[in-house]
S.K.: 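I'd like to ask you about the structure that follows.
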Amino acid sequence: MTSQDVAGPATNPTYAMWRKLSDSAIGRGVFSAAMCLRVPYFGSVLPRVRDMRPGRCEVAAPKWWGVHNHLGTFHAIAACNLAEIAMGMLAEATVPTTHRWIPKGMSVSYVAKARTSLTAVAELSELPELPAGGDGVEVIVPVDVRDRAGRTVVTAEITIWLTPRT
């Protein structure tokens with residue numbers, strides 16, 4: 001995939017909205033709220049997209065009673081939801097409109113108790129080669145979820161399936 005594929009006129013509408021709104025805190029808040037309207041379950045962690053660009057997305061979520069587990073820490077599945085948001089917004093910024101993506105699987109490691117708000121960073125070291133024709137390709141998106149002190153509390157590898165639009 002070339003930079004032309006992700007920055008040209010065929011940019012995904014979600015990424016185009018981000019580029020339009022991301023210059024201010026209010027704009028980022030509006031984008032995050034719109035994202036939750038489109039995918040309502042994401043709203044359960046009160047996510048805030050901080051950075052979104054081809055190959056990278058950073059999303060934060062506060063620690064509030066709605067994400068607590070029985071220990072009073074950030075629930076493991078809520079952290080998985082945050083990881084999936086980061087992966088999904090990375091995919092929206094990275095995959096051109098000539099292709100579509102869908103999550104196929106997720107491997108998760110719970111490394112430490114999450115006692116604070118969290119930040120998930122999904123990052124691809126290199127952008128994937130996209131399939132031509134009718135073939136699909138699996139892409140593994142690593143996501144690191146950290147607490148306020150920068151300690152990793154959850155790691156995830158989310159497999160997405162990329163196919164050309166037909």
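Since the structure is predicted, the reported quantities are computational estimates derived from the model, not experimental observations.
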S.K.: What is the distance from atom NE2 of His75 to atom CG of Asn81, rounded to the nearest 0.5 Å?
M.R.: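 Interatomic distance, His75 NE2 to Asn81 CG, rounded to 0.5 Å: 11.5 Å.
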S.K.: Counting only heavy atoms from other residues, nucleotides and ligands, does the tally under 6.0 Å from CG of Leu71 exceed 12?
M.R.: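 Result for CG/Leu71: enclosed.
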S.K.: Quick check: do Leu90 and Pro54 have side-chain heavy atoms less than 4.5 Å from each other?
M.R.: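 No, their side chains stay 4.5 Å or more apart.
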S.K.: Looking at Thr116 and Arg148, would you say the former's side chain and the latter's main chain have a donor-acceptor pair under 3.5 Å?
M.R.: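 Flag set: sc Thr116 to bb Arg148 pair under 3.5 Å.
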S.K.: What are the two closest heavy atoms between Leu124 and Pro142, and how far apart are they?
M.R.: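 Looks like CD2-CD, 4.1 Å.
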S.K.: If you group Ile, Leu, Val, Met, Phe, Trp and Tyr by side-chain heavy-atom gaps below 4.5 Å, do Val121 and Val143 land in one group?
M.R.: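 Result: no, two separate clusters.
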S.K.: Please round to the nearest 0.5 Å and tell me the distance separating atom CD of Glu157 and atom CE of Met106.
M.R.: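 Answer rounded to 0.5 Å: 11.0 Å.
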S.K.: Would the number of heavy atoms belonging to other residues, nucleotides or ligands and lying under 6.0 Å from CD1 of Ile26 be above 12?
M.R.: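 Counting neighbours around CD1 of Ile26, 12 or fewer heavy atoms of other residues, nucleotides or ligands fall under 6.0 Å, so no.
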S.K.: Measure across Pro13 and Thr97 and return the closest heavy-atom pair with its distance rounded to 0.1 Å.
M.R.: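 Where Pro13 meets Thr97 most closely, the heavy atoms are CD-CG2, 4.5 Å.
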S.K.: Tell me whether Ile85 is reachable from Trp64 by hopping between hydrophobic residues (I, L, V, M, F, W, Y) whose side-chain heavy atoms are closer than 4.5 Å.
M.R.: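 Cluster IDs for Trp64 and Ile85 match.
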S.K.: From the options Thr94, Thr159, Leu162, select the one residue that forms a side-chain contact (heavy atoms from CB on, under 4.5 Å) with Val139.
M.R.: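 The single option meeting the side-chain contact (heavy atoms from CB on, under 4.5 Å) with Val139 is Leu162.
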S.K.: Could you check whether any side-chain N or O of Lys63 sits under 3.5 Å from a backbone N or O of Gly72, counting only pairs where one atom can act as donor and the other as acceptor?
M.R.: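 Yes, the answer is positive, given that a donor and an acceptor are paired below the 3.5 Å cut-off.
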S.K.: Do the side chains of Tyr15 and Arg53 get nearer than 4.5 Å, heavy atoms only?
M.R.: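 Side chain of Arg53 against side chain of Tyr15, heavy atoms only: contact under 4.5 Å found.
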S.K.: Do the side chains of Val67 and Val111 join up, straight or via other hydrophobic residues, at under 4.5 Å, putting them in one cluster?
M.R.: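 Cluster IDs for Val67 and Val111 differ.
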S.K.: Would the number of heavy atoms belonging to other residues, nucleotides or ligands and lying under 6.0 Å from CE of Met17 be above 12?
M.R.: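 It does not: Met17 CE has 12 such atoms or fewer within range.
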S.K.: Check for a donor-acceptor pair, side chain of Arg28 on one end and backbone N or O of Ser22 on the other, with a separation under 3.5 Å.
M.R.: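 Looks like yes, one N/O pair under 3.5 Å.
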S.K.: Quick one, Glu138 and Trp161 - any side-chain contact, counting heavy atoms below 4.5 Å?
M.R.: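 SC-SC contact between Glu138 and Trp161 confirmed.
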S.K.: What pair of heavy atoms forms the shortest contact from Leu118 to Ala79, and how long is it?
M.R.: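 Between these two residues, the closest heavy atoms are CD1-CB, 4.0 Å.
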S.K.: Measuring from atom OG of Ser44 to atom CD1 of Ile77, what distance do you get when rounded to the nearest 0.5 angstrom?
M.R.: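 If we round to the nearest 0.5 Å, Ser44:OG and Ile77:CD1 are 11.0 Å apart.
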S.K.: What verdict does the side chain to side chain contact (heavy atoms under 4.5 Å, CB included) test give for Val108 and Val154, after you've listed the backbone C-alpha separation in whole Å, the side-chain angles of each residue and the deciding distance to 0.1 Å?
M.R.: CA-CA 7 Å; Val108 181; Val154 172; 3.7 Å; yes
S.K.: Would you say Arg165 has more than 12 foreign heavy atoms packed within less than 6.0 Å of its CZ?
M.R.: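 Yes, enclosed.
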S.K.: Indicate the atoms forming the closest heavy-atom contact of Met89 with Cys57, along with that distance.
M.R.: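 Between these two residues, the closest heavy atoms are CB-SG, 3.4 Å.
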S.K.: Can you find a pair of side-chain heavy atoms, one from Ile160 and one from Val141, that are under 4.5 Å apart?
M.R.: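 Answer yes - side chains close enough.
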S.K.: Hey, does Cys80 have a side-chain heavy atom less than 4.5 Å from the side chain of Tyr110?
M.R.: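 Contact flag for Tyr110/Cys80 side chains = yes.
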S.K.: Once rounded to the nearest 0.5 Å, what's the spacing between atom CG of Leu46 and atom SG of Cys36?
M.R.: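 The CG atom of Leu46 sits 7.5 Å away from the SG atom of Cys36.
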S.K.: So if you build clusters from Ile, Leu, Val, Met, Phe, Trp, Tyr with side-chain heavy-atom gaps below 4.5 Å, do Val39 and Leu21 land together?
M.R.: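 Yes, Val39 and Leu21 fall within the same hydrophobic cluster.
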S.K.: Of all heavy-atom pairs between Pro103 and Glu84, which one has the smallest distance, and what is that distance?
M.R.: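 Heavy atoms of Pro103 and Glu84 come nearest at CG-OE2, 3.9 Å.
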S.K.: Determine whether a donor-acceptor pair (N or O, by modelled atom type, separation under 3.5 Å) exists between the side chain of Trp18 and the backbone of Met52.
M.R.: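 Judged by distance alone, yes, a pair lies under 3.5 Å.
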S.K.: So do the side chains of Val49 and Val59 get within less than 4.5 Å of each other, counting heavy atoms only?
M.R.: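 Yes; the side chains approach each other to less than 4.5 Å.
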S.K.: Quick one: are Phe31 and Thr14 in side-chain contact, heavy atoms under 4.5 Å?
M.R.: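 Of all side-chain heavy-atom pairs linking Thr14 with Phe31, at least one is under 4.5 Å.
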S.K.: Looking at Glu92 and Trp101, what are the two nearest heavy atoms and their distance?
M.R.: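 In terms of heavy atoms, the two residues are closest at OE2-NE1, 2.8 Å.
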S.K.: Working to the nearest 0.5 angstrom, can you tell me the gap between Phe74 CZ and Ser117 OG?
M.R.: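 So the CZ of Phe74 and the OG of Ser117 are separated by 8.0 Å.
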S.K.: Do the charged groups of Asp51 and Arg56 touch, with an N to O distance under 4.0 Å?
M.R.: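 Salt bridge between Asp51 and Arg56, a charged N being under 4.0 Å from a carboxylate O: yes.
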S.K.: Rounded to the nearest 0.5 Å, how far apart are CZ of Arg48 and OG1 of Thr119?
M.R.: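 So the gap between those two atoms works out to 12.5 Å.
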